[in-house]
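Reading through the structure tokens given below for one structure.
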Amino acid sequence: MFDRAEIVVKAGDGGSGVVSFRREKWVPFGGPDGGDGGNGGDVVVMADEAVTSLRTFRRKRYYKAARGKDGAGKKKHGKKGEDLLLTVPVGTVVSYKSQIGGDSLIADLEKPGQQAVVAKGGRGGKGNAHFATSTNQAPQIAQKGEEGEENALILELKLIADVGLIGYPNVGKSTLLAAVSAAKPKIASYPFTTREPVLGVVEVGQRSFVLAEIPGLIDGAHLGRGLGHDFLRHIERTRVLIHLIDGGSSSPAEDMAQVNTELSLFDSALGQKPQLVAVNKIDLPQVKARLAELKDSFNAVGTKVFFVSAATGEGTLELMAETMSLLQSIPVTKTGGKVRKKVFHPQPRPYGRVK
Ligand SMILES: Nc1nc2c(ncn2[C@@H]2O[C@H](COP(=O)(O)OP(=O)(O)O)[C@@H](O)[C@H]2O)c(=O)[nH]1
Ligand SMILES: [Mg+2]
């Protein structure tokens, strides 16, 4: 699930170099003293925690950095054009949009402060002071500034899940996700429907969180079978887990313990995440008949449980409201300590040769 925008960025053109000669009363034929133009400003994209969506880029699509100033006499160099800094949400993926297909990745801005240069400013032209030779001591030439790069970009915000939905295959994870969000996961086709987490946005009053179904944690998932990079990224960043249990299972409390063991083996940090436990399928008569027994068996291991039916929606709003308030009580974990300020540069492009 993505928030996406397409924009065009134009770096500043370089300022022009000038043709100028020293003019002083007592120096009748002063040498060339034309200064260089300043470089054009770059367009830079930076991840910023204060920015939460790409909405502004849907309204305004063209961004231009400042031109370098022209040079002047007395070898005065023109000022560099100011860089244009575009701030985007953390988790934005920036790529070049190619007219012929095959967009190319520039940067995955995963950490606050990370930057990428997305259009390089044109170099300033050289003034005539550079062009004097023994045979031409009064050059009448100066260079124009180079044009700044212009690039079409695609900005995509990857939603990062706040809450992970775990449990054995067929407990109803996909059904619950579909019931509480607009996501359309595949239901009960086969146990490992997807290698990528399916995400949905759950709205609770004015607030919302991103819920991800985490498939296939069972059966040696901790051995790394079939789990992609995206997948890991998502579960690692979740702050709360909803642990779903099949109310029709012969020993639901044991199921819970087993999934938790698997989870800790997979990643001990995952095993530490706060969980809300919910028994699903309470619409089934055989489950309804044993609610008291189920409650007791979870009480015995010190776990508070919710009772829901993903199929009818019973109890799901309460579960989501509880998830929201648990989320609000947990601060957003900053990944790692110090932020590495890694600057990405686009592929070098050939410049016109400047002597
Ligand atoms: N009766 C009943 N069936 C459910 C409920 N939730 C899910 N199911 C069924 O259980 C099966 C597995 O559901 P699914 O959501 O694919 O489970 P997942 O593997 O955990 O994602 C499907 O046949 C669902 O229709 C529920 O609340 N009540
Ligand atoms: Mg599923």
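Not measured: the values here are computed from a predicted model. Read the numbers this way: they start at 1 and go in the same order the structure lists the ligands and their atoms.
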Taking atom 6 (N) of ligand 1 as the point of reference, which of N280, L244, V171 owns the nearest heavy atom? N280
At less than 2.8 Å, would any N/O/S atom of N170, backbone or side chain, sit next to the Mg ion (ligand 2)? no
Atom pair NZ (K173) and NE2 (H243), whose distance is rounded to the nearest 0.5 Å: 9.0 Å
Does L284, backbone or side chain, put an N or O under 3.5 Å from an N or O of ligand 1? no
Is a donor from one side chain sitting under 3.5 angstrom from an acceptor on the other, for S309 and D283? yes
With side chains defined as the heavy atoms from C-beta onward, is the minimum distance between P252 and F298 less than 4.5 Å? yes
Do D103 and S95 have a side chain donor and acceptor closer than 3.5 Å? no
For N170, atoms of ligand 1 separated by under 4.0 Å from a heavy atom: 10 (O), 12 (C), 17 (O), 18 (P), 19 (O), 20 (O)
In this structure, CE of M256 is separated from OH of Y168 (nearest 0.5 Å) by 12.0 Å
Need the ligand 1 atom indices (1-based, order shown) with element for anything under 4.0 Å from a heavy-atom of A310. 6 (N), 27 (O)
Give a yes/no verdict on whether any heavy atom in G167 is under 4.0 Å from an atom of ligand 1. no
What I want to know is whether P169 and ligand 1 share at least one N or O pair that is separated by under 3.5 angstrom. no
Taking distance alone, with no angle check, do V308 and ligand 1 share an N/O pair under 3.5 Å? no
Are any of the N or O atoms of K281 closer than 3.5 Å to those of ligand 1? yes
Sidechain N-carboxylate O distance under 4.0 Å for K126, D36: no
Please walk me through it: do L176 and L319 pass side-chain contact (heavy atoms from CB on, under 4.5 Å)? CA-CA 11 Å; L176 181 64; L319 178 60; 4.3 Å; yes
Kindly report the OG-the Mg ion (ligand 2)-OE2 angle for S174 and E213 respectively, rounded to 10°. 80°
If you count the atoms of ligand 1 from 1 in the order shown, which ones are under 4.0 Å from a heavy atom of E213? 21 (O)
Counting only heavy atoms, which portion of D283 has something under 4.0 Å from ligand 1: side chain, backbone, both, or neither? side chain
Residue pairs passing the ring-ring contact (aromatic ring centres under 6.0 Å, His included) test with at least one member in residues 47-73, sequence neighbours excluded, are F57-Y63
Number the atoms of ligand 1 from 1 as they appear, then name those within less than 4.0 Å of a heavy atom of T175, with their elements. 6 (N), 7 (C), 13 (O), 14 (P), 15 (O), 24 (C)
So CG of D108 and CD of E156: to nearest 0.5 Å the spacing works out to 10.0 Å
